[in-house]
Amino acid sequence: MEGYHSPQVEVRVRLNTNESPFPPPPAWRDAFAAELSRVEWHRYPDRSARALREGIGALHGVGPEHVFAANGSNEVLQTLLLTFAGPGRTVATFEPTYQLHGHIARLTGATVVEGERAADFTLDPAELQRVVAAAQPTVTFLCSPNNPTGLEEPAELVRTALGSVPGLLVVDEAYGQFASWSAASLLDEATPLVVTRTFSKTWSMAAARLGYLLGPAWLVAELEKVTLPYHLDAAKQIAGRLALRFAGEMEARVHAIVAERDRLATAMRSMDVDVFPSGANFLLFRPRRRSGREVWQGLVDRSVLVRDCSSWPRLDNCLRITVGTPEENDLFLSALAEVV
Ligand code: PMP
């Protein structure tokens, strides 16, 4: 098997991994340092991470029994697939999408069935229904906004999926805060739906490795049987719990990033590139006159790194840029104007 890679190159402007361009607020750092100094390091942490899960639940108006947290949303996805996939079972994805959905599913021994998106990367509900009727997947993935395309899935499509899938529907909302709606509004105890989220993007905490899902309490209880004891260390529980006190600052960052995303898209559309609509903190684009690889190299030569998706299946010549600070975005725009 191939592993999952995200090549790094030494550059001045790094816009390739969809992180937040802003560090967390200094007050969060201070509060974190103060609480860390009081940790009883000789004891195991709270195994159920109760306070953290209560805080996350409160953010979404649900109790802690509806929240499962893990070391990044990647680990949430892994725990879901260890619980519900495996040999003899099928997992459905709609390509192109986040590569780890299929990758982790294969690692568990499951068969992955890939549905196809249209040329504009939208997903036809008829294609979704065709794939789930034929493959009868135990787990079906949607990603909204979708990585790497940036498109949001319409609420109607998620409702259609819920009416069609025979098993669990996972909506990966790693970029959910940048989008216009959330599938969390469709959650209830009787619906086999989970929504996954992360602290890596909006919360400016990619280094902390913290993600979670919202879902039915019975499902969270199943995941707790599968995850390792004490999988969330004391420092991470503190980091996440304290971050929740800064929801207002995070909201302001989301607005700033969305405004910059729209400014970038407008500026790029005046150049020789096609830009796909995005509800996330990144934009997928395709140069019209030069190859994606040439443009990627031209940007690296100007010390700007974006994600090269140009050789990925179904993404011919596409590149993905993460929204940075206004200064980083200006440097990217002037480099792009020269290169294309
Ligand atoms: N889902 C999607 C769609 C992502 O793009 C990412 C980050 N690349 C993740 C999940 C994983 O994020 P993390 O493990 O940092 O929470």
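Because only heavy atoms are used, hydrogens play no part in the values below, and waters and symmetry mates are left out as well, while side chains stay in.
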Sequence neighbours excluded, the answer for side chain to side chain contact (heavy atoms under 4.5 Å, CB included) partners of D262 is V258
For residues 28-42, the side-chain hydrogen bond (donor to acceptor under 3.5 Å, both in side chains) pairs (sequence neighbours left out) are E35-R241
Under a 4.0 Å N-O cut-off, is there an ion pair linking R288 with D272? yes
Which label fits F332 and F285: parallel for a plane angle under 30°, tilted from 30 to 60°, or perpendicular past 60°? perpendicular
Inter- and intrachain pairs under salt bridge (Lys or Arg N to Asp or Glu O under 4.0 Å), touching residues 164-187, at least two apart: E173-R197
Which pairs of donor and acceptor atoms, one on a side chain in residues 323-330, lie under 3.5 Å apart (sequence neighbours left out)?
from : atom 1 : to   : atom 2 : distance (Å)
T325 : OG1    : E327 : OE1    : 3.4
T325 : OG1    : E328 : N      : 3.1
T325 : OG1    : E328 : OE1    : 3.4
E328 : OE1    : T325 : N      : 2.9
N329 : OD1    : G324 : N      : 2.8
N329 : ND2    : E260 : OE1    : 2.6
N329 : ND2    : G324 : O      : 3.0
N329 : ND2    : T325 : O      : 3.2
D330 : OD1    : R263 : NH1    : 2.9
D330 : OD1    : R263 : NH2    : 3.0

Residue pairs passing the ring-ring contact (aromatic ring centres under 6.0 Å, His included) test where at least one lies in residues 145-169, sequence neighbours excluded: none
Per the salt bridge (Lys or Arg N to Asp or Glu O under 4.0 Å) rule, what does the pair list look like for residues 118-131, sequence neighbours excluded? E127-R130
Give every residue pair that meets the ring-ring contact (aromatic ring centres under 6.0 Å, His included) criterion with at least one member in residues 74-106, sequence neighbours excluded. Y98-H101, H101-F141
Going by salt bridge (Lys or Arg N to Asp or Glu O under 4.0 Å), name the pairs with one or both residues in residues 78-107, residues two or more places apart or in two chains. R106-E114
Sorted by chain and number, sequence neighbours left out, ring-ring contact (aromatic ring centres under 6.0 Å, His included) with F282 holds for Y175
Donor-acceptor pairs under 3.5 Å, side chain of residues 44-52 to any protein atom, not counting sequence neighbours: which ones?
from : atom 1 : to  : atom 2 : distance (Å)
D46  : OD1    : S48 : N      : 3.1
D46  : OD1    : S48 : OG     : 3.2
D46  : OD2    : R50 : N      : 2.9
R50  : NE     : E54 : OE2    : 3.0

Answer yes or no: is there an ion pair linking R314 with E116, defined by an N-O contact shorter than 4.0 Å? yes
Sequence neighbours excluded, which residues qualify as side chain to side chain contact (heavy atoms under 4.5 Å, CB included) partners of V226? T79, L82, T83
Contacts satisfying salt bridge (Lys or Arg N to Asp or Glu O under 4.0 Å) that involve residues 217-226 (not counting sequence neighbours) are R53-E224, E222-K225
